[in-house]
Amino acid sequence: MSSDATNMLSPTTRGVLGKVRQMVPPMLEKFHKGQLGRVAVIGGSQDYTGAPYFSAMASARLGCDMSHVICTPAAAAVIKTYSPNLMVHPLMRQSSPSHHSDPPSPDSDPTHISGQIIDLLPRLHVLVVGPGLGRDPLMQETCARVLAAARERKMPVVLDADALALVTKTPELIHGWREVVLTPNVVEFGRLWKGLKDNPDEAGTGADTPERVEALSRMLGGVTIVQKGAKDLISNGDTTLTVDVTGGLKRSGGQGDTLTGSIATMLAWRKAYLDKIWDHDSNLGEEETLGLAAFGGAAITRECSRLAFEKKGRSLQASDLTDEVHTAFLNLIGEVVEKQG
């Protein structure tokens, strides 16, 4: 850890980050490609190509071995020019105008489209769904089918942006799925609350208190919610953590994508920790490590924001956070060194 960064942390936050550090795999010669994380971001459409890129790159920069983007062909052509480090799969499809005389097309069949993505799931550890997804009905229906398949595998999934609209519409997709993490901002939280609560007026426009975050989590059967705000609130309905790491003051679009990618890598490392792919005597449980993964991703994102804002000020853009991911990790968690067993 960087002494300058940790001096700004509360004792409680330092303690939680100490637990997060236990989940971070050391760099050992015995590991092979893919063991330290295989993450896929589902999103990216004709109008939105930056969001899935920022999410996947945050995942990669934090230390995930393999970062994928699953998007439409139009988005894939653009995203591939951003970085050669990402694996881009043009498997998603958007709705197109149809005529009664047109024969049925596989490109308009959500079962066919989702089937190609579902075939990839055994190769992945974590999904991020939502960045740049849009509200297109075919895209949303495809994601619903992929989520149902991921749930059967008890796969960790991070849902953000337009995927949260899918939750509001069909909450049964994720109700009781403990491996799900939602990352709403204040406005998105308000929409979720209004869509799920019998008396939506109680919530105002967003989550003002930990109690409301806890209540929303319980309404969804104990999923983990990361409520983004001046301080991030993380709750599974029973346990609530507050991320009070200082962030930057610029609220540019795309910073939440760094969050989803960072949480995804933390969830992949959680799997490595629980699978004991390295020797450790830590005994953190499955439930606790879900919250710790979310906390670690949120803390690193806030530190990225602080570092980028110090350099860029009001000109800060989402890409500036991407450049700070590794430094933020070193500042808050530090490199984990362990002799090979």
Side-chain angles (χ1 to χ4, degrees), residues 40-43 51 55 92 110-111 113-114 117-118 121 126-229 232-240 256 259-260 263-264 267 286-287 290-291 293-294 298:
V41 179
I42 301 179
S55 180
M92 294 289 284
T111 301
I113 300 166
S114 62
I117 301 170
I118 291 168
L121 296 186
V126 183
L127 286 181
V128 177
V129 183
L133 182 66
R135 300 291 182 93
D136 179 84
L138 182 57
M139 298 273 280
Q140 293 268 321
E141 179 59 30
T142 299
C143 286
R145 293 169 187 251
V146 173
L147 286 172
R151 181 168 191 167
E152 290 181 1
R153 302 179 63 85
K154 295 185 177 180
M155 193 173 188
V157 175
V158 184
L159 300 178
D160 187 41
D162 289 312
L164 298 176
L166 190 59
V167 173
T168 303
K169 180 182 177 182
T170 52
E172 62 273 13
L173 267 177
I174 67 162
H175 188 278
W177 183 0
R178 302 293 283 191
E179 291 82 10
V180 164
V181 179
L182 308 184
T183 60
N185 59 28
V186 172
V187 173
E188 290 163 341
F189 184 97
R191 291 172 183 159
L192 284 166
W193 185 282
K194 184 177 180 180
L196 299 172
K197 192 89 167 90
D198 292 334
N199 185 6
D201 291 338
E202 293 178 11
T205 59
D208 300 320
T209 65
E211 289 76 19
R212 284 179 174 164
V213 181
E214 293 163 4
L216 183 62
S217 174
R218 288 193 290 268
M219 280 189 272
L220 289 168
V223 304
T224 296
I225 294 179
V226 180
Q227 161 67 61
K228 297 176 285 192
D232 297 337
L233 300 174
I234 300 172
S235 182
N236 63 2
D238 295 321
T239 302
T240 301
L259 174 66
T260 58
I263 292 176
L267 287 169
E286 291 189 17
E287 288 289 327
L290 279 170

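Of all heavy-atom pairs between L121 and A150, the closest is CD1-N, 3.8 Å. Here the closest heavy-atom approach between residue K228 and residue N185 is recorded as CE-N, 3.6 Å. I117 approaches M92 most closely through the heavy-atom pair CD1-SD, 3.4 Å. Residues V41 and P131 come closest through the heavy atom pair CG1-CG, 4.0 Å. Nearest approach of A163 to G130, heavy atoms of both residues: CB-CA, 3.7 Å.
Every pair passing salt bridge (charged side-chain N to carboxylate O under 4.0 Å, His left out) that includes a residue from residues 175-187 is listed here, sequence neighbours excluded: R178-E287.
Side-chain contact check for I234 versus T224: some heavy-atom pair is nearer than 4.5 Å. The closest side-chain heavy-atom distance from V158 to L127 is not below 4.5 Å. Between Q227 and P210 the shortest side-chain heavy-atom distance does not fall below 4.5 Å. Annotation: side chain of W177 is in contact with side chain of V157 (closest heavy-atom distance under 4.5 Å). Inter-residue side-chain proximity for I42 and V146 is flagged as met; some heavy-atom pair is nearer than 4.5 Å.
For S235 and S217, the side-chain atoms include no donor-acceptor pair closer than 3.5 Å.
In terms of modelled atom types and a separation under 3.5 Å, the side chain of E141 and the main chain of L138 share no donor-acceptor contact. A distance-only check finds a donor-acceptor pair linking the side chain of S114 to the backbone of P110 [under 3.5 Å]. Checked by atom type and distance alone, the side chain of Q140 pairs as donor or acceptor with a backbone atom of D162 at under 3.5 Å.
In this structure, CH2 in W193 is found 4.0 Å from CE in M219, a value given to the nearest 0.5 Å. The distance from the CG atom of L159 to the CD1 atom of I225 is 11.0 Å, given to the nearest 0.5 Å. Separating the CD atom in E211 from the OG1 atom in T240 is a distance of 8.0 Å, to the nearest 0.5 Å. Between atom CG of residue L267 and atom OG1 of residue T260 there is a gap of 11.0 Å, rounded to the nearest 0.5 Å. The CD1 atom of I174 sits 8.5 Å away from the CG atom of L147 when rounded to the nearest 0.5 Å. With rounding to the nearest 0.5 Å, the separation of CD1 in I263 from OG1 in T183 is 6.0 Å.
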- Query: Checking side-chain contact (heavy atoms from CB on, under 4.5 Å) for the pair I113/R145: CA distance, chi angles, key distance, verdict?
  - Reply: CA-CA 9 Å; I113 300 166; R145 293 169 187 251; over 6 Å; no
- Checking side-chain contact (heavy atoms from CB on, under 4.5 Å) for the pair L196/L220: CA distance, chi angles, key distance, verdict? CA-CA 9 Å; L196 299 172; L220 289 168; 3.7 Å; yes
Only pairs under 3.5 Å count here: list side-chain donor-acceptor contacts from residues 165-173, not counting sequence neighbours, and write none if there are none.
| residue | atom | partner | partner atom | Å |
| --- | --- | --- | --- | --- |
| T168 | OG1 | L164 | O | 3.2 |
| T170 | OG1 | L166 | O | 2.9 |

